Amino acid sequence: MTALLSFRDVWVEYGDKIVLERVNLSVEAGAFVSIVGPSGAGKSTFLRLVLGQEAPTRGVIDLDGAPLRAEPGRDRGVVFQRYSVFPHLNAVENVLFGLECEGAALTGRLWGPKRRTARERAVAMLEAVGLGAALDVFPAQLSGGMQQRLAIAQALIMRPRVLLLDEPFGALDPGVRLDMHGLITDLWREHSLTILMVTHDIKEAFKLGDRVLALDKRRHDPHAPHRYGSTAVYDFPLENKARG
Ligand SMILES: Nc1ncnc2c1ncn2[C@@H]1O[C@H](COP(=O)(O)OP(=O)(O)OP(=O)(O)O)[C@@H](O)[C@H]1O
Ligand SMILES: [Mg+2]
């Protein structure tokens, strides 16, 4: 079986500053990979590579056996720690947005039966994330946890091959965070998602992931901190997780 995602000797450098070096790994479809590492280790950079927002300086990244195109595509959805929803659109409009861009590239609007079908899908997705009672509500009126539910719905409506989460629960209160853990685990299992999630919380990493990847530097040069980049220093499979 070919891996869904594979990194072969991937490097990211900014001038003479090396952020990632020699990253080699592959991710199977259906995996839930938690990514941990110190601040500045390159975790967000790693996700940006998968998102296609950034290209490696060296090395190759394959998605579904073909070189990943360095542009955001609908096959990859992303949720950030905050502010990834549109403040001027209500919940349904936020989720519809991607479908409208895809279905009506010129006008950004769907009409008639196409719009009805798209709206039904958006409403079903909002119900799946627990926002069925907040369809017409604008983000400013939603709590932090509800905004993250909306951001997840917005990403999932495009049926991405990979869902990328960059500290999605980091700004939430502990109780809300616990609810979100339940939600993301259910969505992962029910929709057979492939998830890459960055977190600062090691307990969260082990609780949610079926694999934990640690990015860090193997070598340090005290006189030149940017001389060496981070790589996958640990990669733990957690066998006891039920796959979606
Ligand atoms: N465009 C850029 N130009 C120069 N350096 C950059 C650029 N983007 C990121 N970096 C550097 O790359 C390193 C890794 O950044 P990144 O944001 O990926 O770290 P991170 O692991 O996500 O950190 P955090 O846990 O704080 O979010 C940092 O030293 C950062 O300053
Ligand atoms: Mg980051």
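Sequential numbering from 1 along the given sequence is applied to the chain's residues. Since the model is a prediction, treat every value here as computed from it, not as a measurement. Note that ligands are numbered from 1 as they come in the structure, with each ligand's atoms numbered from 1 the same way.
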Sub-4.0 Å atoms of ligand 1 with respect to non-hydrogen atoms of [X]:
X    : answer
G42  : 14 (C), 16 (P), 18 (O), 19 (O), 20 (P), 21 (O)
T45  : 14 (C), 15 (O), 16 (P), 18 (O)
H200 : 25 (O)

Note the single closest protein heavy atom to [atom], along with its residue, its atom name and the distance in Å.
atom                    : result
atom 8 (N) of ligand 1  : Y14 OH, 3.3 Å
atom 14 (C) of ligand 1 : G40 O, 3.3 Å
atom 17 (O) of ligand 1 : S44 CB, 3.8 Å
atom 25 (O) of ligand 1 : K43 NZ, 2.7 Å

_Plane angle bin for W188 and F32 - parallel if under 30°, tilted between 30 and 60°, otherwise perpendicular_ =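 The arrangement is perpendicular - the two ring planes meet at more than 60°.
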*asked:* So is A41 touching ligand 1 or not, going by heavy atoms under 4.0 Å?
replied: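 For ligand 1, residue contact (heavy atoms, under 4.0 Å) with A41 is present.
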*asked:* Please confirm whether R48 approaches ligand 1 to less than 4.0 Å, judged on its heavy atoms.
replied: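 Yes.
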*For salt bridge (charged side-chain N to carboxylate O under 4.0 Å, His left out), just list the numbers for R119 and E100, CA-CA rounded to whole Å, side-chain angles, deciding distance to a tenth of an Å, and then say yes or no.*
CA-CA 10 Å; R119 198 189 141 83; E100 295 205 293; over 6 Å; no
_Below the 3.5 angstrom mark, is there an N/O of V19, backbone or side chain, next to an N/O of ligand 1?_
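No.
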*Inspect the surroundings of CG in D16 and state if more than 12 heavy atoms from other residues, nucleotides or ligands are less than 6.0 Å away.*
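Counting neighbours around CG of D16, 12 or fewer heavy atoms of other residues, nucleotides or ligands fall under 6.0 Å, so no.
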*asked:* Any salt bridge linking E28 with R211? Criterion: basic side-chain nitrogen under 4.0 Å from a carboxylate oxygen.
replied: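 R211 and E28: not salt-bridged.
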*Are the charged groups of D9 and R58 less than 4.0 angstrom apart, N to O?*
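No, no charged N to carboxylate O under 4.0 Å.
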*asked:* So T57 and I18, do their side chains get closer than 4.5 Å, heavy atoms only?
replied: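 No; the side chains remain at least 4.5 Å from each other.
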*Closer than 2.8 Å to the Mg ion (ligand 2), do we get an N, O or S atom from S44, backbone or side chain?*
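Within the cut-off used here (under 2.8 Å), S44 does place an N, O or S atom near the Mg ion (ligand 2).
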*Y228 and Y14: same hydrophobic cluster, using ILVMFWY side-chain contacts below 4.5 Å?*
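Different clusters: Y228 never reaches Y14 through Ile, Leu, Val, Met, Phe, Trp or Tyr contacts under 4.5 Å.
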_Shortest non-hydrogen contact from F169 toward R177_ =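 Taking every non-hydrogen atom into account, O-NH1, 3.4 Å.
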